[in-house]
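Below is one structure; the comments refer to it alone.
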Amino acid sequence: MDRKLETRQGKVLPIKFYSRATLSVARDLLGKVLRVRDGRTWRSGYIVEDEAYLRDDPACHSYNGLTKRNQSMFKGPGTAYIYRIHQVHCINAVTRPGEAVLIRAIEPIQHIRSSTNGPGRLCRALGITQDKHDGLSFVDSKDLQIASNGEFAKFGLGVSARVGISEAIDEPYRFYVEDNLYLSR
DNA sequence: CTTCAGATCCCCT
DNA sequence: GGGGATCTGAAGA
């Protein structure tokens, strides 16, 4: 990997970053680097769209408590929660117990070969699967990380209702980088 | 441009 | 047995 790309990788976010109010974490994840190991290098992109899911939130997978599927949501701040829906994988960053941020779109940085606008598509582009990555820690894992490199340009913060849910459909818990070219839809 | 059905299977009730 | 934090392609306005 050349030096310029090395620099662009940035520093892994500490567990402290995730141990905060989920809405704050969702806002602050915009512009951070999501990366997945691909041999000697990374597949990576800037997070440009995400959604918060809270504990007392009918749209949240943990709303009815701990189950087999959502157990990663209770493994602590900075855990990756990956679930499948309709043959597609989606990735979340866990914050407080039972709360998480769904990553919905990334702007490609490195080794991205297919579209990344949408939670299912970005997981496919990065090679993220439930089998390989569910329950890993973004803080400790050598294969799955979120980092800050300080290079993402200043941006306007967009806020809207969440996408694709049938409960709590009006809550303004979706955050995105205004005018970014890689948003979903 | 927008809406809508279908795919397809794992998880939960 | 029913539905889903999705995606795609087809049809309509």
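Taking atom NE2 on A:H89 and atom P on C:dT6, their separation rounds to 14 Å, with Å as the unit. For A:N70 and B:dC10, the CG to C1' distance is 14 Å, given to the nearest whole Å. Distance A:R162 CZ to C:dG4 P: 14 Å, rounded to the nearest Å. Rounded to whole Å, atom C1' of B:dC9 lies 13 Å from atom NZ of A:K68. Whole-Å rounding puts the A:E49 CD to C:dA5 P distance at 16 Å. With rounding to whole Å, A:D131 atom CG is found 12 Å from B:dC10 atom C1'. Taking atom CD1 of residue A:I85 and atom P of nucleotide B:dG6, one finds them 18 Å apart after rounding to whole Å. Straight-line distance from the CD atom of A:E167 to the C1' atom of C:dG4: 12 Å, rounded to whole Å.
Side chain of A:Q87, nearest nucleotide from B:dC9, B:dC12, C:dT6: B:dC9. Between B:dC9, B:dC12, C:dA5, one nucleotide has an atom nearer to the side chain of A:R104 than all others, and that is C:dA5. Counting only heavy atoms from C-beta on, A:Y81 has its side chain closest to C:dA5 among C:dT6, C:dA5, B:dC10.
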task: Please assess A:L122 against A:Y182 for the test side-chain contact (heavy atoms from CB on, under 4.5 Å), listing each intermediate value before the final yes or no.
output: CA-CA 10 Å; A:L122 80 86; A:Y182 298 93; over 6 Å; no
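Listed by chain and number, the hydrophobic cluster partners of A:Y83 are A:Y53, A:L66, A:M73, A:F74, A:Y81, A:I85, A:V94, A:L102, A:I165, A:I169, where partners are ILVMFWY side chains within reach of under 4.5 Å, directly or through others.
Nucleic acid contact class of A:R185 (heavy atoms, under 4.0 Å, all strands): none. Within 4.0 Å (heavy atoms only), A:R69 reaches sugar-phosphate atoms of the nucleic acid but no base atom. Within 4.0 Å of A:L102, counting heavy atoms only, lies at least one base atom of the nucleic acid.
Once the 5.5 Å centre distance and the 30° plane angle are applied, the aromatic ring of A:Y83 is found not to be stacked with the base of C:dA5.
Atom CD1 of A:I109 and atom CZ of A:F152 lie 9.0 Å apart (nearest 0.5 Å).
Taking a pair to require two hydrogen-bonding distances under 3.5 Å in either a Watson-Crick or a G-U wobble arrangement, B:dG6 pairs with C:dC7. Partner assigned to C:dG12 is B:dC1, using Watson-Crick or G-U wobble distances below 3.5 angstrom.
With the nearest nucleotide of DNA chain B identified for both A:Q130 and A:H86, A:H86 has the one nearer the 5' end.
The shortest distance between the side-chain N/O atoms of A:H61 and the OP1/OP2 oxygens of C:dA5 is below 4.0 Å. For the pair A:S166 and C:dG3, the criterion of a side-chain N or O lying under 4.0 Å from OP1 or OP2 is not met.
For the residue pair A:E99 / A:S62, no side-chain donor-acceptor distance below 3.5 Å is found, with atom types taken as modelled.
Tested against A:L126, the residues A:R43, A:R35, A:H111, A:H89 include a single side chain to side chain contact (heavy atoms under 4.5 Å, CB included) partner, A:R43.
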